[in-house]
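Below you will find the structure I want to go over with you.
Keep in mind the model is a prediction, meaning the values are calculated, not measured. Just so we're on the same page: letters track the sequence lines, and every chain starts at 1.
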Number of protein chains: 2
Amino acid sequence: MGDKNNAAYVTRFKDIIKNEHFLFGIGDISKATGVSQRKLRYWEERGYIHPENSSDEGQHRKYSHFMFLKIAMIQSFLKEGYTLSAAVQKTNEHHKLGKAVFGFVKERLQNFTFVPGGYEIDLGEVNDTQGKHIYALIRSNKKTELFLK
Amino acid sequence: MGDKNNAAYVTRFKDIIKNEHFLFGIGDISKATGVSQRKLRYWEERGYIHPENSSDEGQHRKYSHFMFLKIAMIQSFLKEGYTLSAAVQKTNEHHKLGKAVFGFVKERLQNFTFVPGGYEIDLGEVNDTQGKHIYALIRSNKKTELFLK
DNA sequence: ACATCTTTGTCAAATTATTTGACAATTAAA
DNA sequence: TTTAATTGTCAAATAATTTGACAAAGATGT
């Protein structure tokens with residue numbers, strides 16, 4: 001159980017991560033994924049990826065986090081020997097996984113308590129457990145533990 | 001239980017999110033947080049925030065996701081009426097929460113199953129439950145549910 | 001083996017975004 | 001009211017990206 005201050009902090013934190021909408025320049029994506037800018041423009045030309053730009057937001061390509069994950073995934077399959085179009089197909093099979101995974105934590109973060117070396121995070125109620133919540137105990141240099149309370 | 005293909009996908013996905021290291025330009029941060037570039041440079045001057053640059057990575061300021069969260073949090077406190085130094089202090093109280101929260105999901109993602117409208121994600125074993133795992137059922141337009149299996 | 005197609009690299013000229021330094025304007029504190 | 005802190009604006013310079021073009025490399029098909 002976090003105290004009142006932590007609840008406010010979490011509310012603020014949740015608002016930020018829930019609404020975070022950041023974009024990367026092509027150079028940033030290239031460096032972060034190891035895919036050259038030339039490749040990125042070609043993939044765009046082929047219709048595999050899309051920058052996210054509105055007309056009032058500058059003339060440079062800007063990519064979302066979702067697109068970053070997609071690009072990294074395509075690259076990963078390419079490295080495995082897949083052809084480009086196959087890599088794109090494999091990537092698209094679960095193109096919503098990233099949204100789901102990160103969306104999960106953004107939705108489920110209820111509260112947190114500061115503990116020695118880290119945090120205990122309340123992820124909310126678990127079905128069929130008489131109202132028990134699942135907590136993640138996250139400490140530096142230790143494997144995260146999950147427990148019910 | 002995901003099948004063999006999904007386990008490989010998750011491994012790849014985990015590798016990407018675990019090692020993701022992306023950086024934002026100052027314009028991107030400014031747009032994403034609503035904090036002007038002038039302000040960001042002033043906060044840097046004051047020692048409150050730091051771009052992350054190595055000498056071989058260009059001359060423009062580049063900020064990490066962690067720094068993005070910090071900046072957004074400071075802005076949030078400022079909007080609440082705190083002085084800049086107080087906002088920074090409040091933000092620094094839990095400067096590791098972001099790392100903990102996102103680190104949790106990166107560490108704990110075990111596997112996933114595609115279900116109608118979304119995914120069922122296995123987050124691994126829960127203490128004192130005879131080896132049961134906690135699953136998140138994430139579907140579009142539905143609240144995420146957690147259950148033990 | 002050769003021809004064709006796809007993909008990636010390189011480069012120049014132009015454009016856009018960021019930098020620094022400086023000063024002004026606004027806001028907050030004493 | 002004065003002083004200090006914070007933010008806005010601007011010019012000149014520099015860095016990063018754009019587009020178009022062509023070359024080079026790699027893959028595919030006959």
Do the ring centers of A/Tyr63 and A/His50 come within less than 6.0 Å of each other? no
Whole-Å gap separating C1' (D/dT14) and CD1 (B/Ile26): 15 Å
Ionic contact status for A/Glu107 with A/Lys14, cut-off 4.0 Å: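 No, A/Lys14 and A/Glu107 are not salt-bridged.
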Taking NZ, NE, NH1 and NH2 as the nitrogens, is one of them in A/Arg61 or A/Glu44 under 4.0 Å from a carboxylate oxygen of the other? yes
If you compare every side-chain N and O of B/Arg61 against the phosphate oxygens of C/dT18 (OP1, OP2), does one of them come in below 4.0 Å? no
Are A/Trp43 and C/dT8 close enough that a side-chain N or O sits under 4.0 Å from OP1 or OP2? yes
If you compare every side-chain N and O of B/Gln59 against the phosphate oxygens of D/dA16 (OP1, OP2), does one of them come in below 4.0 Å?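 For B/Gln59, the contact criterion (side-chain N or O under 4.0 Å from OP1 or OP2 of D/dA16) is not met.
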Atom-pair distance (CD on A/Glu44; C1' on C/dT6), nearest Å: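 Computing the A/Glu44:CD to C/dT6:C1' distance gives 18 Å.
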Please report the distance, rounded to the nearest Å, between OH in A/Tyr63 and P in D/dA16. 17 Å
A/Phe24 CZ to D/dA16 C1': how many Å, rounded?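 Checked: the CZ to C1' distance equals 17 Å.
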Aromatic contact between B/Phe102 and B/His65, with the criterion being ring centroids under 6.0 Å apart: yes or no?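 That pair passes the under 6.0 Å test.
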Tell me which pairs pass side-chain hydrogen bond (donor to acceptor under 3.5 Å, both in side chains) where either residue lies in residues 71-83 of chain A, with sequence neighbours left out.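 Applying side-chain hydrogen bond (donor to acceptor under 3.5 Å, both in side chains) to every pair that reaches into residues 71-83 of chain A, excluding sequence neighbours, yields A/Ser76-B/Arg12.
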Return the nearest nucleotide to the side chain of A/Gln37; candidates are C/dT19, D/dT18, D/dT6. D/dT18
Side chains of B/Gln37 and B/Ser30: do they bring a donor and an acceptor to under 3.5 Å? no
Check every strand shown and say whether A/Arg41 touches a base, only sugar-phosphate, or nothing at a heavy-atom separation below 4.0 Å.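 If one applies the 4.0 Å heavy-atom cut-off, A/Arg41 turns out to touch a base.
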Please report, rounded to the nearest Å, how far the P atom of C/dT7 is from the CD atom of A/Glu45.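 One finds 10 Å between P of C/dT7 and CD of A/Glu45, rounded.
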To the nearest Å, how far apart are B/Leu23 CG and D/dA16 P? 13 Å
Determine whether A/Glu52 and A/Leu23 make a side-chain contact, defined as any pair of heavy atoms from C-beta on separated by less than 4.5 Å. yes
Rounding to a whole Å, what distance do you find between A/Leu40:CG and C/dT8:C1'?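 Taking atom C1' of C/dT8 as the reference, CG of A/Leu40 is at 12 Å.
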Scoring nucleotides 21-30 of chain D by protein non-hydrogen atoms under 4.0 Å (B base, S sugar-phosphate only, - none) yields B---------
Using five pairs at each end of the helix from C/dA1-D/dT30 to C/dA30-D/dT1 to define an axis, what is the angle between those two axes, to 10°? 50°
Looking at B/Lys149 and B/Glu120, does any basic side-chain N land under 4.0 Å from a carboxylate oxygen?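 Salt bridge flag = yes for B/Glu120 with B/Lys149.
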Find the distance A/His60:NE2 to D/dA16:C1' and express it as a whole number of Å.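 For the pair A/His60 NE2 and D/dA16 C1', the rounded distance is 6 Å.
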Output field: ring centroids B/His94/A/Phe112 closer than 6.0 Å: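 That pair passes the under 6.0 Å test.
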